[in-house]
Amino acid sequence: MEIGELKKLFDDMTIEEKAGQLFQTVGAMYDDEAVISGPMQEMGITEKDIQLAGTVLGTMGAEKIKRIQKKYMEAHPHHIPLVFMLDIINGYKTVYPIPLAQGATFQPDLVKECAAMAAKEGAADGLHITFSPMVDLVRDARWGRVMESTGEDVYLNGLYARAMVEGYQGADISGGEKLGACVKHFAGYGGAEAGRDYNTVEVSERTFRDFYLPAYKEAVEAGSALVMTSFNTINGIPASVNKWLMRDILREEMGFDGVLISDFGAIGECVNHGAAEDRADATKKALEAGVDIDMMSGTYPENIPALLKDKSISVELIEECAWRIMKLKNDLGLFENPYKGADEIKAKACILSEAHRELAQKTAENSFVLLKNKDNILPLDKKKKIAMIGPYIDRRYMLGGWSFTGNPEDVITIKNAAEEKLADYEIVYAQGCPILSEDVKLEGFANYTEEKFSQEDCEKMKEEALRAAKEADVVVLAIGEHFLQSGEATSKGIIEIPKIQQELFEALSEVNSEIAVVLFNGRPLDIRILEERAKAILEVWMPGTMGGAAIVEVLRGAVSPAGKLPMSFPYCVSQVPVHYDEFPTGRRHHPGKDKDRYVSKYLDMPNKPLYSFGYGLTYTQFEISDLELSKTVMKPGESVTVSVKVKNTGDREGTETLQLYIHDIAGSVVRPVKQLKGFERVILNAGEEKEVCFTVDEKMLRFLRADNTFGSEPGKFEVFIGNSSEVEECKVFELLKG
Ligand code: GLC
């Protein structure tokens with residue numbers, strides 16, 4: 001509706017109705033059979049609150065949402081539509097790889113396509129907003145939510161943030177196949193101390209601005225309809241009541257004028273933080289910080305009336321928030337069509353369609369990272385007898401920790417796919433062990449229980465697997481984390497593969513050295529034992545609905561793996577936080593070159609992670625040579641062309657991702673030893689050679705300088721082009737004064 005009309009409607013609403021817009025409920029409150037019980041009752045939520053609420057969390061289904069919307073609008077004094085929001089993180093019903101796996105594709109366009117697919121399915125099923133993308137920079141594999149991030153790199157995260165927002169929203173969020181995006185968690189949530197979820201975040205403002213903020217900024221500039229506050233403190237103040245963060249940075253500096261929603265209960269939790277005397281104080285502070293929607297803490301409906309009455313908060317403050325929410329509803333087109341894209345027939349036609357399955361499979365195939373492939377044990381040789389062993393050989397639970405919208409029954413397992421695509425291979429299958437031993441406690445979605453096995457069953461499983469391994473030429477061992485072992489509230493101090501699986505691997509490696517591991521996980525793990533004893537390691541993350549099909553295509557060589565690590569795999573958990581873009585320090589350690597003891601290193605382990613950011617093998621080999629600069633001196637406004645030759649020296653087609661890194665050798669503040677500034681995926685036939693060029697300009701050299709202005713500084717820069725962040729060869733150019 002025209003903004004003038006909207007304003008007229010808004011002015012006609014009572015302050016009670018306007019305040020109601022700031023409250024988010026759950027769909028169960030509107031179900032015919034719903035009763036207000038449990039947490040809601042404790043929160044003192046009344047029928048009136050529900051009748052005037054502005055948005056709904058966690059309901060799905062076109063028919064149900066239309067029914068709730070109709071009933072709600074009839075009862076509302078001004079018949080204002082609800083907004084329906086949900087966590088659609090890596091797909092709705094057609095689930096594609098978790099975001100960390102998407103990060104490994106180095107293909108923002110592919111990730112954008114996936115987001116558009118998720119939007120099409122979610123919108124058809126009645127949704128309006130998704131709580132995605134999560135763009136928190138991550139450097140600590142103990143934090144389980146790394147699985148929801150696209151990794152440790154500032155530049156890459158920014159590209160994916162933009163890609164996902166554009167994919168979900170398209171050009172206009174009122175579109176029937178589009179969802180409004182909600183970038184989260186603002187801000188710095190990934191920096192939780194000790195990798196412990198919800199913990200304090202202590203970073204300097206410089207680090208915060210230079211590393212943690214850029215990806216949120218990218219998402220805001222891409223037009224994200226909402227931003228979600230994070231649970232953590234920044235500078236000692238919880239994000240949800242942090243005026244500096246929300247008013248100065250988000251609204252003023254970044255120019256965000258959309259809806260700011262709290263994370264689940266986060267406003268009320270400011271009392272626990274000790275940042276608010278009580279829930280009324282938390283309410284006042286959150287409103288003053290400009291948080292428009294209270295997600296499930298109940299503080300807003302509980303306290304706003306009294307705060308208004310005693311004039312602790314102004315009517316204008318409420319109206320500011322309510323107006324942004326009404327604008328969002330208008331941008332979603334809900335006043336013209338409160339049911340938006342909800343369409344049972346359309347939902348049935350697009351959900352899990354062949355095209356959607358194909359895209360999910362393609363993304364999974366492109367997300368896999370080949371970490372090791374000694375003696376080219378992969379792809380599998382048809383002439384060899386194969387034993388496919390492990391708890392993931394015929395397991396459907398590979399959708400990831402935020403996939404409650406997806407259905408494991410729809411998943412293609414490795415065994416399903418192998419029986420179809422490897423029918424002419426000689427294969428035996430054996431589970432080998434349960435995914436977890438009984439003593440491992442899982443939390444997470446209440447409606448999930450893991451199959452139980454007796455001690456006798458376990459022994460039988462293991463014997464059968466050992467027998468199969470003894471008689472096989474090659475073992476494919478599919479192991480890894482349980483899907484509930486990474487995601488929210490899953491921080492871990494030990495990041496190895498489950499003990500019971502490690503024992504199986506050790507036993508198998510005693511009887512057969514030809515083992516190719518297929519690794520399922522939501523976070524980087526300490527996999528030294530696999531590195532030592534397995535011949536091959538294929539990282540498949542949590543690959544989604546088509547995971548098994550994608551894995552078999554790579555195992556049989558129909559697809560050559562080409563993913564690159566978006567996050568370092570630490571040598572062991574003691575090494576975290578570990579990230580490639582570290583500062584040099586005054587005593588940088590050069591492995592193998594140090595004579596001096598007094599350098600920045602450990603006595604008992606390497607500085608280098610087990611596998612570095614940007615690393616990944618393929619089924620062929622590439623040679624990178626002839627690093628050249630078009631010039632060695634550059635004035636601002638000019639650019640330098642950096643080029644290399646890359647040759648496929650193997651015997652089959654393959655894909656290599658050339659990565660451009662820059663090191664600002666000296667600045668007014670110290671600069672990372674390398675920073676990714678560009679990349680290009682090249683597909684080359686056996687023997688084919690190609691020149692790859694990057695243009696480096698002054699904008700790429702900008703950072704937060706000592707005087708807190710953002711810009712470049714004259715001086716010398718090292719420039720690298722390689723196939724991982726471990727590249728060493730570089731050339732130097734100089735940026736002259738402007
Ligand atoms: C959770 C998560 C957030 C999610 C929200 C709604 O606590 O922190 O990422 O979007 O609640 O489910």
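Model, not experiment: these values are computed from the prediction. The basis for the numbers below is simple: all heavy atoms, side chains too, and nothing from hydrogens, waters or symmetry mates. Just follow the structure's listing: the first ligand is 1, and inside any ligand the first atom is 1.
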### Query
Looking at His482, Glu450, Gln485, which hits side-chain contact (heavy atoms from CB on, under 4.5 Å) with Val440?
Gln485
### Aromatic ring pairing Tyr189/His185, orientation class (parallel under 30°, perpendicular over 60°, tilted between)
perpendicular
### Message
Any heavy-atom pair between the side chains of Met85 and Val83 that's under 4.5 Å?
### Response
yes
Does ligand 1 have an atom under 4.0 Å from some heavy atom of [X]?
X: Met295; value: yes
X: Met134; value: no
X: Glu148; value: no

Quick one: nearest non-hydrogen protein atom to [atom], plus distance?
atom: atom 11 (O) of ligand 1; result: Asp263 OD1, 3.1 Å
atom: atom 10 (O) of ligand 1; result: Asp87 OD1, 2.5 Å
atom: atom 1 (C) of ligand 1; result: Glu488 OE1, 3.2 Å

### Message
Run the side chain to side chain donor-acceptor pair (under 3.5 Å) test on Lys66 and Gln69 for me, step by step, so that the C-alpha distance in whole Å, both residues' side-chain angles and the decisive distance to 0.1 Å come before the verdict.
### Response
CA-CA 5 Å; Lys66 287 199 285 192; Gln69 186 75 295; over 6 Å; no
### Task
Measure centre to centre between the rings of Phe23 and Tyr300, then say whether the value is under 6.0 Å.
no
## Note on the structure
ligand 1 to Phe231, heavy atom cutoff 4.0 Å, flagged ligand atoms 7 (O), 8 (O)
### Task
Run the numbers on Ile293 and Ile325 for side-chain contact (heavy atoms from CB on, under 4.5 Å), then give the verdict.
CA-CA 8 Å; Ile293 297 177; Ile325 296 163; 3.7 Å; yes
